[in-house]
There are 2 protein chains.
Amino acid sequence: MFKELDPLLHSQLRLAVISILIGTEEADFVFIREKTASTAGNLSVQIEKLREAGYISVEKSFKGKMPRTTCRITPAGISAFEKYVDALHSYLQPK
Amino acid sequence: MFKELDPLLHSQLRLAVISILIGTEEADFVFIREKTASTAGNLSVQIEKLREAGYISVEKSFKGKMPRTTCRITPAGISAFEKYVDALHSYLQPK
DNA sequence: TAAACCAGTTTATAATATAAACCAAATATT
DNA sequence: AATATTTGGTTTATATTATAAACTGGTTTA
């Protein structure tokens, strides 16, 4: 009846991060922090979890002299998101 | 951009409970435990949290000699669920 | 009458989310 | 030129949560 909800995605901030990355080719740390209105510490932790799980890739580089962290969703991330959305529907459409 | 997800509903088991109650006039503890495939302990805790929040009402009675706990969703529960579903959409439909 | 079962509750524990504190480097201020 | 502030994060600590294990009070079965 009710499908499992991937605990990695069933988190407000991580879901927001994935949602952003699904929509855009890539996004950097600062952009995501602003869009999600999250603290840097929290975001850092959640990005690392998504990276560990293989749902996103993270690339560190420099924009001029300032560091930049760029995130992209991976195929595994896309399919996990699709599966999560599908599972959610088993909770949202009663009966 | 991203709407708040009511933390009381953003929980697999509590969401399942509400989902069941939205669909049926009332449901008892055992029925919910079976439908959600949860342990009695976990369900007991989550039902109490939903009751505290005023999202469901809980009535204790007897079916013959055995105790029975019947749950019903309240108007507050219905509107919280609707709000939650609406907020979720801000995460599911990218852009 | 004792063992097993039912319908839960309470309590303990492990995992999670989150913010606070920190760090190194860059930039702005006096 | 020194000092303060900002930037872009990471690490660590804490409070909350989800969950299962242990328990309770009563019932049915052997």
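Bear in mind the structure is a predicted one, so any value in this text is a computation, not a measurement. Below, read A as the first sequence line, B as the second, and so on, with proteins coming before strands; counting in each chain starts at 1.
- No contact: A:Lys63 has no heavy atom under 4.0 Å from any strand.
- Of the listed nucleotides (C:dT27, D:dT10, C:dT9), C:dT27 has the atom at the smallest distance from the side chain of A:Lys65.
- Summarising the geometry of B:Ser57 relative to B:Thr74, their closest heavy-atom pair is N-CG2, 3.8 Å, with the distance given to 0.1 Å.
- Contact annotation: A:Ser44 reaches the phosphate of D:dT10 (side-chain N/O to OP1 or OP2, under 4.0 Å).
- The distance between atom CD of A:Gln46 and atom P of C:dA15, rounded to the nearest whole Å, is 16 Å.
- Looking at heavy-atom distances under 4.0 Å, B:Arg33 makes no contact with the nucleic acid at all.
- The nearest whole Å value for the distance from the CD atom in B:Gln12 to the P atom in C:dA17 is 13 Å.
- Figure legend. D:dA30 is base-paired to C:dT1; pairs are counted as Watson-Crick or G-U wobble with both atom distances under 3.5 Å.
- Residue A:Glu48 is classed as having no contact, given no heavy-atom separation below 4.0 Å to the nucleic acid.
- Rounded to a whole Å, the CG atom of A:Leu43 is 17 Å from the P atom of D:dT7.
- Between A:Met66 and A:Ala40, it is A:Met66 whose nearest contact on DNA chain D lies nearer the 5' terminus.
- Look at B:Lys49 and you'll find a side-chain N or O under 4.0 angstrom from OP1 or OP2 of D:dA18.
- Summarising the geometry, the separation between CD1 on B:Ile47 and P on D:dT19 is reported as 14 Å, rounded to the nearest angstrom.
- Put simply, CG on B:Leu8 and CG on B:Leu15 are 11.0 Å apart, with the number rounded to the nearest 0.5 Å.
- Among the atoms of the strands shown, only primed sugar atoms or phosphate atoms (P, OP1, OP2) are found under 4.0 Å from some heavy atom of B:Thr69.
- Partner of B:Gln12 under the side chain to side chain donor-acceptor pair (under 3.5 Å) criterion, out of A:His10, A:Glu4, A:Lys3: A:Glu4 alone.
- Atom CD in B:Glu52 sits roughly 14 Å away from atom C1' in C:dT10 (whole-Å rounding).
- A donor-acceptor distance shorter than 3.5 angstrom exists from the side chain of B:Arg14 to the backbone of B:Pro7, with no hydrogens or angles considered.
- Between A:Arg14 atom CZ and C:dT18 atom P there is a gap of 9 Å when expressed in whole angstrom units.
- Residue-level contact check: A:Ser38 touches neither bases nor backbone, having no heavy atom under 4.0 Å from any strand.
- Between the CG atom of A:Asn42 and the C1' atom of D:dT14 there is a distance of 13 Å, given to the nearest Å.
- A:Arg51 and A:Glu48 are joined by a salt bridge, as a carboxylate oxygen and a charged side-chain nitrogen come within less than 4.0 angstrom of each other.
- Ranking C:dT9, D:dG8, C:dT11 by closeness to the B:Phe29 side chain, first place goes to C:dT9.
- Taking 4.0 angstrom as the limit, B:Ser11 places a side-chain polar atom (N or O) nearer than this to OP1 or OP2 of D:dA18.
- Atom P of nucleotide D:dT16 and atom CG of B:Leu8 are separated by 14 Å, given to the nearest angstrom.
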